[in-house]
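Here's the structure we're looking at; comments come further down.
Lettering of chains follows the sequences in order, A, B, ..., and the numbering in each one begins at 1. Quick caveat, the model's predicted, so the values are computed rather than measured.
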2 protein chains.
Amino acid sequence: MAAARNGQGDRRPTMTDVAAAAGVSVALVSIIMRGAPGASDETRERVRRVADELGYVPDRRAQKLRQSRSRLIGVAFELQQPFHGDLVERLYPAAAAQGYDIALSSVAPTRNEQAAIGDLIRERCEAAVLLGSRMLAPDLATLAKRMPTQVVARPSGTELVGSVRTDDTAGIEAAVDHLIDLGHRRILHIDGGDAPGSAERAAGFAARMRHHGHASEARVVAGGPTESDGVRAITNTLDTSEASRPTGIVAFNDRCAIGVLDVLLRRGIHSPEDISVIGYDDSRLSRLAHINLTTVAQDADKIATEVIAQATRQIAGEAPTEIILTPQLTPRATTGRAPVE
Amino acid sequence: MAAARNGQGDRRPTMTDVAAAAGVSVALVSIIMRGAPGASDETRERVRRVADELGYVPDRRAQKLRQSRSRLIGVAFELQQPFHGDLVERLYPAAAAQGYDIALSSVAPTRNEQAAIGDLIRERCEAAVLLGSRMLAPDLATLAKRMPTQVVARPSGTELVGSVRTDDTAGIEAAVDHLIDLGHRRILHIDGGDAPGSAERAAGFAARMRHHGHASEARVVAGGPTESDGVRAITNTLDTSEASRPTGIVAFNDRCAIGVLDVLLRRGIHSPEDISVIGYDDSRLSRLAHINLTTVAQDADKIATEVIAQATRQIAGEAPTEIILTPQLTPRATTGRAPVE
DNA sequence: GTGAAAGCGCTAACAA
DNA sequence: TTGTTAGCGCTTTCAC
């Protein structure tokens, strides 16, 4: 058959086709499709109509190739991280407001960051945004020599690479203060293992407990960023410290906190009556009605806006900076007054 | 300053730069970069070295523009669906094996499917793969006139659009059989509300219970695809049928099942001792150690392979087909023998 | 084995 | 207001 591809014809219409059909030059069609000034309203309307009839849609690759700039911001994100989803979603409108498009490149167990970044380079993105990158500072610096680069939700470790993140210390402090306010004293922090931000949060926790004069009642145990890590940490803790178990827990993040809650439930320990639990991220998970987790919220909207703003600045040649936002404690149902002893 | 962008120079090196630096023609560089035959090993090595020194990376837009075909398969996926992440991850290698690249376009609450698909068209993808699309059959048919289209995990409703999915009826039947084998009789199905596949699964459930002669002990209640839906459904059920509560539950999907488990936990009802629960999808969630949910598994690897295979066929002009894979019951920790009454 | 030249679909000067 | 022209960075004949 002549018309392959579901009879859609052998190829998509191009600007040349539209120009021919409308009896004008391609340049004029270009002007009209871009909404640029320099065409009569009458022609404009006619060409638009012809284009629609033909089902013409501009070829973005050709557009971007021709314009010396791609006006593309590349985003590497992890497919399995709900918070990355929250961020990506907000990057689109933020970028559009500055006249940029977003190119997505995913990171997954079978697809490493290098592969994802390679795609962004081949697409000639003008800047790279790495969500929760696991790259080391020297590698980031190398990448930064190729293209303006930022990391999100972690420090970059090099002044060549920008960073937008929330103040981990402040976030953990807010969590500690909240529990102290509620009368808790024996407070446990389950750290993030080798996840980015873990060290800062653990240090912040210890410092704040000291500040309140309860250093001796503070404990930090090894955890990690997933539910399983939370499960492991709390199980260990409960099994080994029956006598003096904590009344308040600050988990590394929401997923970790959810693991903790799950174990508590299974053991018949009620939250918040027996133990208060605080997460970190304000991910969609934490907001689910049945979880309703008190958490330290990172404002995805604000982060996205700052990321795009910094990207355009870096593209314009400004030096990258470290932008630190203040997280917000969001009390929900998993924290309450400390039980009377 | 002359060198904007972190001193990386004003522009990225092009093939012309490499050719000049190596003292050969661009055509030869092209041959070498693509690994095409027609260059001496010696030149090959020298040009490669020069390219590396310059940090040359081919411009994919220019490549794809020049080649009449984009060799791009566009994928529209939902950012917040873990199973979509599983699929996307597997589409990369499957596509690469056929010489295609993947272009990602995300769907989210603030970014609808039309927007996502528009991007795929502008990128001149040769085929569109829509994960869990919510588009109606007529709209899908319209899209199919533009480009070869497939939907995944649902029927397309039009023969113009391909579909790769698992047999919902068979999956639910396997779940029912499993419970029946374990001695369960009073079995509840929490359906998926208006989610794709919900009707098929509910019908399959009823039919299979009838087949086993336990139609009278089968119940179907309204649910949905999220944890909250599961919470709502089971709460209702427990509150209204204290006397004859089910011993087995088949939830619409894993997330729904997890909501159910959460409520059971909170009420001190043990699973599987008191109530067995089965999910659907075998998402990462279900495999978490502390959840360890019995579920009906959809083989993401196989789905991805079939999707790419069908995409290449459709691109070659073949008519789309409906590919139905058989799901696999995966027994884990949330199902066990029915309690003795 | 290598190079010259044309052109993919578009935009942007510049002319008319 | 409209058309002409010259590329963007690459691949692909077709000569040499």
Mapping Leu28(B) and Ser25(A) onto DNA chain D by nearest heavy atom, which one lands closer to the 5' end?
Ser25(A)

[X] vs [N]: side-chain N/O to OP1/OP2 distance below 4.0 Å:
| X | N | value |
| --- | --- | --- |
| Arg34(B) | dT12(D) | yes |
| Thr43(B) | dT2(C) | yes |
| Thr14(B) | dG9(D) | no |

From the options [options], select the nucleotide whose nearest atom is closest to the side chain of [X].
| X | options | answer |
| --- | --- | --- |
| Gln63(A) | dC10(C), dG7(C), dT1(D) | dC10(C) |
| Gln67(B) | dC8(D), dT1(D), dT11(D) | dT11(D) |
| Leu65(A) | dG9(C), dT2(D), dG3(C) | dG9(C) |
| Ser40(B) | dT2(D), dG1(C), dC10(D) | dG1(C) |
| Ala62(A) | dT1(D), dT11(D), dC10(C) | dC10(C) |

Report yes or no: does Glu113(B) contribute a side-chain atom to a donor-acceptor pair with the main-chain N or O of Ser133(B) at less than 3.5 Å?
no

So, Ser30(B) side chain and Val26(B) main chain: donor-acceptor pair closer than 3.5 Å or not?
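It does not hold such a pair.
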
Distance in angstrom units between [X] [atom1] and [N] [atom2], rounded:
| X | N | atom1 | atom2 | result |
| --- | --- | --- | --- | --- |
| Ile32(A) | dT2(D) | CD1 | P | 7 Å |
| Asp41(A) | dT2(D) | CG | C1' | 15 Å |
| Lys64(B) | dG9(C) | NZ | C1' | 16 Å |
| Met33(A) | dT11(C) | CE | P | 9 Å |
| Met15(A) | dC8(C) | CE | P | 15 Å |
| Arg122(A) | dG9(D) | CZ | P | 18 Å |
| Ile31(B) | dA4(C) | CD1 | C1' | 13 Å |
| Asp59(B) | dG9(C) | CG | C1' | 14 Å |

Could you check whether Asp119(A) pairs with Arg122(A) (Lys NZ or Arg NE/NH1/NH2 to Asp/Glu carboxylate O, under 4.0 Å)?
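Yes.
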
Does Arg284(A) come within less than 4.0 Å of Asp86(A), counting only side-chain N to carboxylate O?
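Looking at Asp86(A) together with Arg284(A), the answer is yes, because their closest N to O distance falls below 4.0 Å.
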
Between Val26(B) and Arg44(B), name the one whose nearest nucleotide on DNA chain C is closer to the 5' end.
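Looking at DNA chain C, the more 5' nearest nucleotide goes with Arg44(B).
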
By nearest nucleotide on DNA chain C, pick out whichever of Arg124(B) and Pro37(B) is the more 5' one.
Pro37(B)

Checking all strands, does [X] fall into the base, sugar-phosphate, or nothing category for heavy-atom contacts under 4.0 angstrom?
| X | value |
| --- | --- |
| Ser30(A) | base |
| Ala27(B) | base |
| Arg61(A) | nothing |

Is a side-chain donor-acceptor pair under 3.5 Å present for Ser70(B) with Glu123(B)?
no

Rounded to the nearest 0.5 Å, what's the gap from CD1 on Ile121(A) to CZ on Arg12(B)? Could you check?
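Between Ile121(A) CD1 and Arg12(B) CZ, I get 7.0 Å after rounding to 0.5 Å.
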
